Amino acid sequence: MNYWLFKTEPNVFSIEDLKNSPNKTCFWEGVRNYQARNLLRDDIKKGDSVLFYHSRVEPIGIVGLAVVTKAGYPDKFAFEPSHKYFDPKSKPENPTWYGVDVKYVRHFPRVLTLTELKANKELSKMVLTQKGSRLSIQPVTESEYNTILDLSK
DNA sequence: GCCAACGTTGGC
DNA sequence: GCCAACGTTGGC
């Protein structure tokens with residue numbers, strides 16, 4: 001089992017939105033970055049654990065947990081000309097963009113703020129805490145994941 | 001809302 | 001294949 005961190009702007013799609021989705025599950029749509037796409041398509045598997053991160057809007061930080069319920073499959077919104085995530089270079093026979101299904105697990109009792117995470121020495125190598133880091137789908141090591149779960153208690 | 005840091009595009 | 005111009009992300 002592997003660990004990941006998914007970023008989202010809560011005014012676009014929040015952890016509450018995931019919780020309120022049918023079966024508390026949603027397709028993680030709209031990723032249009034190749035590095036993140038490679039992770040979604042090739043590396044993220046059913047049963048992997050996801051740290052749910054709220055960006056841009058205070059409080060910025062990790063707000064809870066989700067789980068992957070279906071591994072990477074094509075993002076069909078890229079095929080729809082009227083959709084905001086339409087991309088003409090992605091074809092159904094050779095899709096460019098992928099997503100996974102994620103299901104709400106739980107909120108943390110408190111938000112683990114970016115400030116707090118950056119100040120934690122055990123998380124100094126974490127992708128999220130690096131300067132200029134803006135990858136929206138990030139790998140998280142087991143030790144980083146365990147540190148974060150401990151902090152959340 | 002600003003803007004630094006990235007990522008992508010396209011002319012050459 | 002370089003790199004300037006442009007577009008996007010996301011902390012502040």
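From a predicted model like this one, the values you see are computed outputs, not experimental measurements. Proteins come first, then strands; the chains are lettered A, B, ... in the order of their sequence lines, and each starts at number 1.
- One distance of note links CG of A/L18 with OG1 of A/T8; it measures 9.5 Å at 0.5 Å rounding.
- Atom NZ in A/K7 sits roughly 12 Å away from atom C1' in C/dT8 (whole-Å rounding).
- Applying the 4.0 Å criterion to OP1 and OP2 of C/dG11, one finds that A/Y53 has a side-chain N or O inside that range.
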Give the table of side-chain donor-acceptor pairs shorter than 3.5 Å for residues 59-73 of chain A, with sequence neighbours excluded, one pair per line with atom names and distance.
unit_1, atom_1, unit_2, atom_2, d
A/Y73, OH, A/D101, OD1, 2.6
A/Y73, OH, A/D101, OD2, 3.3

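- Summarising the geometry, atom CD1 belonging to A/I44 is positioned 11.5 Å from atom OG belonging to A/S49; distances are rounded to the nearest 0.5 Å.
- Among B/dT9, B/dG7, C/dG11, the nucleotide with an atom closest to any side-chain atom of A/R56 is C/dG11.
- Regarding A/Q35, its CD atom lies at a distance of 10 Å from the C1' atom of B/dG7, rounded to whole Å.
- Residues A/D75 and A/R32 are paired through a salt bridge, judged by an N-O separation under 4.0 Å between the basic side chain and the carboxylate.
- More than 12 heavy atoms of other shown residues, nucleotides or ligands fall within 6.0 angstrom of atom CD in A/E16.
- Between A/F27 and A/F77, the two ring planes are tilted [angle within 30° to 60°].
- Atom pair A/N33:CG and B/dC6:P shows a separation of 13 Å (rounding to whole Å applied).
- When ring centroids are compared, A/W97 and A/Y34 come within the 6.0 Å threshold.
- For the contact set between residues 126-141 of chain A and DNA chain B, defined by any heavy atom under 4.0 Å, the members are A/K131, A/G132, A/R134.
- Rounded to an integer number of Å, the gap from A/E9 CD to C/dC12 C1' is 14 Å.
- What separates NZ of A/K118 from C1' of C/dG11 is a distance of 7 Å, to the nearest Å.
- Taking the ring centroids of A/Y145 and A/Y3, they lie under the 6.0 Å cut-off.
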Kindly give the atom pairs (protein nitrogen or oxygen, nucleotide nitrogen or oxygen) under 3.5 Å for nucleotides 3-5 of chain C.
none

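- For the pair A/F6 CZ and C/dT9 C1', the interatomic distance rounds to 18 Å; values are reported in whole Å.
- Side-chain N or O atoms of A/T129 include one that pairs as donor or acceptor with a backbone N or O of A/L123 at under 3.5 Å.
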